[in-house]
J.: 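Just passing along the structure, written as structure tokens.
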Amino acid sequence: VYPEDNECSFPNCYTVHGIGAVLVVVDGLVNSLELKVKLIHWPLGYAAAWLLSQFLWVYTDHAPDYTVLTLRDVGSAYVAVGGFITLPIVFFFERALFRRFKASVTGQADDQDRFESAPEATF
């Protein structure tokens, strides 16, 4: 995955990426991060801009930086599209996880549950 001649050995870089992902989730849980749906364009825009920069890098006759994402074969297209589809799935999964954790810590249902279970007003 890295721009080196040797491959990423299994326990080393995958462990670092896994620990990094776990720390991001723990940070979001501890700090009660609220992921709003209207803000999903930011992570998707960042991913699209990064992918565009990689395409420009490779198609201006530079060597690809990543062995998995060379952008010169069909496998790279699968990796790029799969990553782009996975990003919103992770976003909504973490959003639900953070909301449920916050509700369990505070003892209150989140806003969506409160609105759905609110009694109807009588006049």
Side-chain angles (χ1 to χ4, degrees):
V1 178
Y2 295 101
E4 297 178 2
D5 291 336
N6 54 357
E7 290 291 323
C8 177
S9 59
F10 173 69
N12 295 335
C13 72
Y14 292 114
T15 304
V16 170
H17 289 333
I19 290 171
V22 168
L23 289 176
V24 167
V25 171
V26 168
D27 180 46
L29 293 172
V30 169
N31 293 309
S32 299
L33 180 65
E34 292 185 32
L35 297 176
K36 299 183 185 286
V37 175
K38 67 180 182 178
L39 298 177
I40 195 169
H41 66 278
W42 289 108
L44 288 177
Y46 177 81
W50 180 83
L51 194 57
L52 178 64
S53 73
Q54 296 303 305
F55 274 116
L56 292 175
W57 179 260
V58 169
Y59 287 106
T60 54
D61 292 329
H62 291 88
D65 284 337
Y66 302 96
T67 56
V68 173
L69 191 64
T70 62
L71 303 174
R72 295 180 189 224
D73 59 357
V74 178
S76 290
Y78 289 144
V79 169
V81 171
F84 204 73
I85 291 171
T86 303
L87 193 58
I89 293 170
V90 170
F91 180 89
F92 286 110
F93 172 75
E94 286 184 347
R95 179 176 182 260
L97 179 69
F98 295 162
R99 290 175 74 182
R100 288 183 191 271
F101 182 76
K102 184 178 180 181
S104 70
V105 168
T106 62
Q108 295 178 342
D110 59 8
D111 291 340
Q112 183 180 7
D113 292 340
R114 230 181 322 202
F115 291 129
E116 290 175 359
S117 62
E120 293 188 24
T122 56
F123 294 93

J.: Going by the rule side chain to side chain donor-acceptor pair (under 3.5 Å), which residues pair with D61 if we only count those two or more places apart in sequence or in a different chain?
T.: none
J.: Can you get from V58 to W50 by hopping between Ile, Leu, Val, Met, Phe, Trp and Tyr side chains that sit under 4.5 Å apart?
T.: yes
J.: Are L56 and F84 connected, step by step, through hydrophobic side chains (Ile, Leu, Val, Met, Phe, Trp, Tyr) whose heavy atoms are closer than 4.5 Å?
T.: no
J.: With sequence neighbours left out, write down each residue that passes side chain to side chain contact (heavy atoms under 4.5 Å, CB included) with L23, or none if nothing qualifies.
T.: I19
J.: With hydrophobic residues grouped by side-chain heavy-atom distances under 4.5 Å, do Y46 and V24 end up in a single group?
T.: no
J.: Evaluate S76 against V79 for side chain to side chain contact (heavy atoms under 4.5 Å, CB included), listing each step before the verdict.
T.: CA-CA 5 Å; S76 290; V79 169; 5.5 Å; no
J.: Under the side chain to side chain contact (heavy atoms under 4.5 Å, CB included) rule, collect the residues that match up with V37, sequence neighbours excluded.
T.: F92, R95
J.: Can you name the closest pair of heavy atoms from F98 and L29 and give their distance?
T.: CD2-CD2, 3.4 Å
J.: The criterion is ring pair (Phe, Tyr, Trp, His ring centres under 6.0 Å); which residues satisfy it with H62, sequence neighbours excluded?
T.: W57
J.: Quick one: list whatever passes side chain to side chain contact (heavy atoms under 4.5 Å, CB included) with A80, sequence neighbours left out.
T.: L51, L69
J.: Should L87 and L44 be marked as a side chain to side chain contact (heavy atoms under 4.5 Å, CB included) after you check the CA-CA gap, both sets of side-chain angles, and the distance that decides it?
T.: CA-CA 7 Å; L87 193 58; L44 288 177; 4.0 Å; yes
J.: Going by the rule side chain to side chain donor-acceptor pair (under 3.5 Å), which residues pair with S53 if we only count those two or more places apart in sequence or in a different chain?
T.: none
J.: If hydrophobic clusters are built by linking Ile, Leu, Val, Met, Phe, Trp and Tyr wherever their side-chain heavy atoms come under 4.5 Å apart, do V25 and V105 end up in the same one?
T.: yes
J.: Going only through I, L, V, M, F, W and Y residues with side-chain contacts under 4.5 Å, is there a path from V90 to L97?
T.: no
